[in-house]
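Report on the structure given below.
Every chain is numbered from 1, with letters handed out A, B, ... down the list of sequences.
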Amino acid sequence: MPDLRDRFYITTSIAYANNRPGLHTLYEVIGADALARWYRMCGVPTRFQTGTDEHSVNIAMRAAEEGRSPRDFVDAQVALFRAAEDALFISPDRFIRTTDADHVRAAQEMVRRAHANGDIYPGIYEGWYCPNEGFRNATDVTETAAGTICPNHPDVPLQWLSERNWFFRLSAYQERLERWFEDNPDLVQPDHRRNEMLGFIRGGLEDFSISRPDSGWGIPFPILPDGSGAQLADGSWDPAGGTIYVWYDALINYITGAGFPDDPAAFARWWPADLHVIGKDIARFHTIFWPAMLWSAGLEAPRKVWVHGWLLAQGERMSKSRGNFLEPIDFVAAFGSDGARYVALREAGFDRDSDVSWDVFTRRYNADLANDFGNFVNRTVSMAGRYLGGERPAPRDAAESPLGAAWPAVRDQFVAKLEGCLLHEALAALWEFVGAGNRFVEAEQPWVIARAVKAGEEGAAERMRGVLGDLVEACRLVALAVAPVMPGMAPRVMQQLGHEYAYDADGNGGPAILDELRWGAHAGEAGTLAAAVPLFPRIEVETVLDGEVPEAMGPA
RNA sequence: GGCUGGGUAGCUCAGUUGGCAGAGCAAGCGGCUCAUAAUCGCUAGGUCACAGGUUCGAGUCCUGUCCCAGCUACCA
């Protein structure tokens, strides 16, 4: 059962607006959206935030290449993200952009607080600089006869650059971080990620730089090296202050969205976040840098960080640069919005890397959605219409019904896995019940009962109503439970079953879902079933093989 | 190199405190007909990476070897 809090604040990491969205980046958003919808349906006031990270020299360069202003460039990128998220039924309460005015204020305020607390200081940042990629890690460069190069651009000699930057005193927080990890084993999950982070902390923490020279595209650093304010009399910012570098910009989005610093009441309500959902590549920044930054500002650290894995294609991480990504729009076109969400969350484990392919997604869609669940609803509605004239039969008491007796354990398992962020396992638990439903049909054979009814056998009609009532109820429960994952499907099923669907498009507004997920919750209410309409048309594999397959994801 | 986690049926993976190797999908066969050629039942003979060891008995513990992945700080 969920820990019924007074509110739930959940975030995804913000996507780097340098590239168009791919399914591998939206995968995290789909998972977080499903969780957000679940808490909304539980009746917990929920705030779900996702968005885009829009500053960086890289983005300014990309914009310049296209002959546009950075602002025009990111606006166009953001439109692509929003369109893809709309297609996937993503329901953010706030889509935050790091170029938003309130975010700029939040980031600057965080810098001021760190400064006031003595946690930042001017220093020298130096290292090998690649004109294409910026500063390179010492372990990423190679010494050659021609000079020092980075592996991605062997023709471009690296330059040794020194910059005068501000540094954050992360080293001062080592003990507190270590204690924080030790005292809260559930804070960073899964466990192996937690262990990695803890090991990193124990290995010693260095300060990190948080400013860069002014590039014309970034949040102005609000303090000059001498400690005075960087804002000029006319309200503009002194370029000599430079800009805030990535982590004191991007990470801040989570508190901006909660109301920091403009709306103290909202901030008090929503912060600290209950759950940051992030990818494993940025675990360190979210579980080590971020808490320290918050503490420095006198704020609380997030309550939980969930680190998911990557989608892999033939063993390699999906990415734009590799070209082995999946276009979200193609994905939705093939599987539908609900189907796309389902197969992504069911096929890839939310706690680890998962190899996926167009083929396994298609198989999963056909097996789970078309055959198992879609057909289960279809045959149930069809039989109820044919044998009972469309009057919705009531389920029997759980004690008299195999399905009713099995349901509570299924539901509990589903809820436990879902709230534990093991979304794929939650769905698997639910689908066990779908299988039980189909087996129940075979065991009872309503078409045989129909003949008995026709022959006037005593008790046959009652048996028919009981069996079909159980089946209708099973359809209702599964459709409702899986609504956070397939929000478009649930109302369609309810309509066919003659039940009301009381939730808004984003999952708000309805009764507490746990009450609705009781066997027989609406047993006493009359209703009329609609005509059976297939929910998930089968996808013929031949169709997939023939065309419309993104090249990168098609059959090898 | 160091640390961590893995290598189990064609594919994806479960395997609790050591006790006759499991599930789903795919494939083959059979049944049924309410249903989206769906569904239900049966079938799968996998040296549980490899080699040793402990034990009455090891996928499950110990040692060694091979292979894979992750982490080993400033990329968003």
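Here, A51(B) and A58(B) have their C1' atoms 15 Å apart, quoted to the whole Å. Nucleotides G19(B) and G57(B) place their C1' atoms 7 Å apart, quoted to the nearest Å. The P atoms of C34(B) and C29(B) are separated by 24 Å, rounded to the nearest whole Å. For the P atoms, the distance from C25(B) to G64(B) is 41 Å, rounded to whole Å. A gap of 33 Å separates the C1' atoms of U63(B) and A23(B), to the nearest Å. To the nearest whole angstrom, the two P atoms, one in G7(B) and one in U12(B), are 12 Å apart. G1(B) and C11(B) have their P atoms separated by 29 Å, given to the nearest Å. Distance noted for atom C1' between A49(B) and U60(B): 16 Å (whole Å).
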Distance-only donor-acceptor pairs under 3.5 Å for side chains of residues 349-356 of chain A, two or more places apart:
residue: Asp353(A); atom: OD1; partner: Lys280(A); partner atom: NZ; Å: 3.0
residue: Asp353(A); atom: OD1; partner: Trp310(A); partner atom: N; Å: 2.8
residue: Asp353(A); atom: OD2; partner: Lys280(A); partner atom: NZ; Å: 2.6
residue: Ser354(A); atom: OG; partner: Gly349(A); partner atom: N; Å: 2.9
residue: Asp355(A); atom: OD1; partner: Gln314(A); partner atom: N; Å: 3.3
residue: Asp355(A); atom: OD1; partner: Gly315(A); partner atom: N; Å: 2.5
residue: Asp355(A); atom: OD2; partner: Gln314(A); partner atom: N; Å: 3.4

Show me the donor-acceptor pairs within less than 3.5 Å that the side chains of residues 242-250 of chain A make with the rest of the protein, sequence neighbours left out.
residue: Asp249(A); atom: OD1; partner: His103(A); partner atom: NE2; Å: 2.8
residue: Asp249(A); atom: OD2; partner: His55(A); partner atom: ND1; Å: 2.7

For residues 195-209 of chain A, dump all side-chain donor-acceptor pairs below 3.5 Å to protein atoms at least two apart in sequence or in another chain.
residue: Asn195(A); atom: ND2; partner: Asp191(A); partner atom: O; Å: 3.4
residue: Glu196(A); atom: OE1; partner: Arg193(A); partner atom: NH1; Å: 3.0
residue: Glu196(A); atom: OE2; partner: Arg193(A); partner atom: NH1; Å: 3.4
residue: Arg202(A); atom: NE; partner: Glu178(A); partner atom: OE2; Å: 3.4
residue: Arg202(A); atom: NH2; partner: Glu182(A); partner atom: OE2; Å: 2.7
residue: Asp207(A); atom: OD1; partner: Leu170(A); partner atom: N; Å: 3.1
residue: Asp207(A); atom: OD1; partner: Ser171(A); partner atom: N; Å: 3.0
residue: Asp207(A); atom: OD1; partner: Ser171(A); partner atom: OG; Å: 2.7
residue: Asp207(A); atom: OD2; partner: Tyr121(A); partner atom: OH; Å: 2.5
residue: Ser209(A); atom: OG; partner: Arg212(A); partner atom: NH1; Å: 3.0

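Distance NE2 (His308(A)) to C1' (G70(B)): 15 Å, rounded to an integer number of Å. Atom-to-atom, CG of Asp281(A) to P of C71(B) comes out at 8 Å; the value is rounded to the nearest Å. For the pair His55(A) NE2 and C75(B) C1', the interatomic distance rounds to 17 Å; values are reported in whole Å. Look at CZ on Arg194(A): it is 16 Å from C1' on C3(B), rounded to the nearest Å. Here the P atom of nucleotide A23(B) and the CD atom of Glu425(A) are 18 Å apart, to the nearest Å. Note: CH2 (Trp310(A)) to C1' (C68(B)) measures 15 Å, nearest angstrom. Atom P of nucleotide C75(B) and atom CH2 of Trp247(A) are separated by 9 Å, given to the nearest angstrom. The interatomic distance linking Asn195(A) (CG) with C71(B) (P) rounds to 14 Å, in whole Å.
Scored by the side chain to side chain donor-acceptor pair (under 3.5 Å) test, Glu66(A) finds Arg68(A) as partners (sequence neighbours excluded). Not a single side chain to side chain donor-acceptor pair (under 3.5 Å) links Trp306(A) to another residue, sequence neighbours left out. Ala32(A) is linked by a side-chain contact (heavy atoms from CB on, under 4.5 Å) to Ile10(A), Thr12(A), Phe48(A), Val277(A), counting only residues two or more places apart in sequence or in another chain. Checked against side chain to side chain donor-acceptor pair (under 3.5 Å), Thr11(A) has the following partners two or more places apart in sequence or in another chain: His276(A). Considering only residues two or more places apart in sequence or on other chains, Glu444(A) meets the side chain to side chain donor-acceptor pair (under 3.5 Å) condition with Arg463(A). The side-chain contact (heavy atoms from CB on, under 4.5 Å) test applied to Ala106(A) returns Ile252(A), Thr256(A), Phe260(A), Pro261(A), not counting sequence neighbours.
Counting any heavy atom pair closer than 4.0 Å across all strands shown, Ile282(A) reaches no nucleic acid atom. Contacts of Gly204(A) with the nucleic acid, taken as non-hydrogen atoms under 4.0 Å apart, include base atoms. Asp191(A) comes within 4.0 angstrom of no nucleic acid atom, judged by non-hydrogen atoms across all strands.
The side chain of Arg439(A) sits closest to G41(B) out of C75(B), G41(B), A73(B).
RNA chain B is contacted by both Arg193(A) and Ala15(A); Arg193(A) maps to the nucleotide lying nearer its 5′ end (nearest heavy atom per residue). Residue whose closest nucleotide on RNA chain B sits further toward the 5' end, between Val434(A) and His192(A): His192(A).
One finds no salt bridge joining Arg82(A) and Glu85(A) here, because no Lys/Arg side-chain nitrogen approaches an Asp/Glu carboxylate oxygen to under 4.0 Å. A salt bridge links Asp100(A) with Arg94(A); the closest basic N to acidic carboxylate O contact falls under 4.0 Å. Contact check on Asp359(A) versus Arg364(A) returns no salt bridge, with no Lys/Arg side-chain nitrogen under 4.0 Å from an Asp/Glu carboxylate oxygen. A salt bridge links Arg97(A) and Asp75(A); the closest N-O separation between the charged side-chain nitrogens and carboxylate oxygens is under 4.0 Å.
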Distances under 3.5 Å only, N/O to N/O: pair up the protein atoms with those of nucleotides 32-37 of chain B.
residue: C32(B); atom: O2'; partner: Trp447(A); partner atom: NE1; Å: 3.4
residue: U33(B); atom: OP1; partner: Arg451(A); partner atom: NH2; Å: 3.2
residue: C34(B); atom: O2'; partner: Ser382(A); partner atom: OG; Å: 3.3
residue: C34(B); atom: O2; partner: Arg379(A); partner atom: NE; Å: 3.0
residue: C34(B); atom: N3; partner: Arg379(A); partner atom: NE; Å: 3.4
residue: C34(B); atom: N3; partner: Arg379(A); partner atom: NH2; Å: 2.6
residue: C34(B); atom: N4; partner: Arg379(A); partner atom: NH2; Å: 3.1
residue: C34(B); atom: N4; partner: Glu442(A); partner atom: OE2; Å: 3.4
residue: A35(B); atom: OP1; partner: Arg386(A); partner atom: NH2; Å: 2.9
residue: A35(B); atom: O3'; partner: Asn378(A); partner atom: OD1; Å: 2.9
residue: A35(B); atom: O2'; partner: Asn375(A); partner atom: ND2; Å: 2.4
residue: A35(B); atom: O2'; partner: Asn378(A); partner atom: OD1; Å: 3.0
residue: A35(B); atom: N1; partner: Arg379(A); partner atom: NH2; Å: 3.3
residue: A35(B); atom: N3; partner: Asn375(A); partner atom: OD1; Å: 3.0
residue: A35(B); atom: N3; partner: Arg379(A); partner atom: NE; Å: 3.4
residue: U36(B); atom: O2; partner: Phe536(A); partner atom: O; Å: 3.3
residue: U36(B); atom: O2; partner: Arg538(A); partner atom: N; Å: 3.2
residue: U36(B); atom: N3; partner: Phe536(A); partner atom: O; Å: 2.8
residue: U36(B); atom: O4; partner: Gly374(A); partner atom: O; Å: 3.3
residue: U36(B); atom: O4; partner: Leu535(A); partner atom: N; Å: 3.2
residue: U36(B); atom: O4; partner: Phe536(A); partner atom: N; Å: 3.3

Under 3.5 Å, N/O pairs linking protein and nucleotides 7-15 of chain B:
residue: A14(B); atom: OP1; partner: Arg352(A); partner atom: NH1; Å: 2.9

Dot-bracket encoding per residue of RNA chain B, Watson-Crick/G-U cut-off under 3.5 Å, | denoting interstrand: (((((((..((((.....[..)))).(((((.......))))).....(((((..]....))))))))))))....

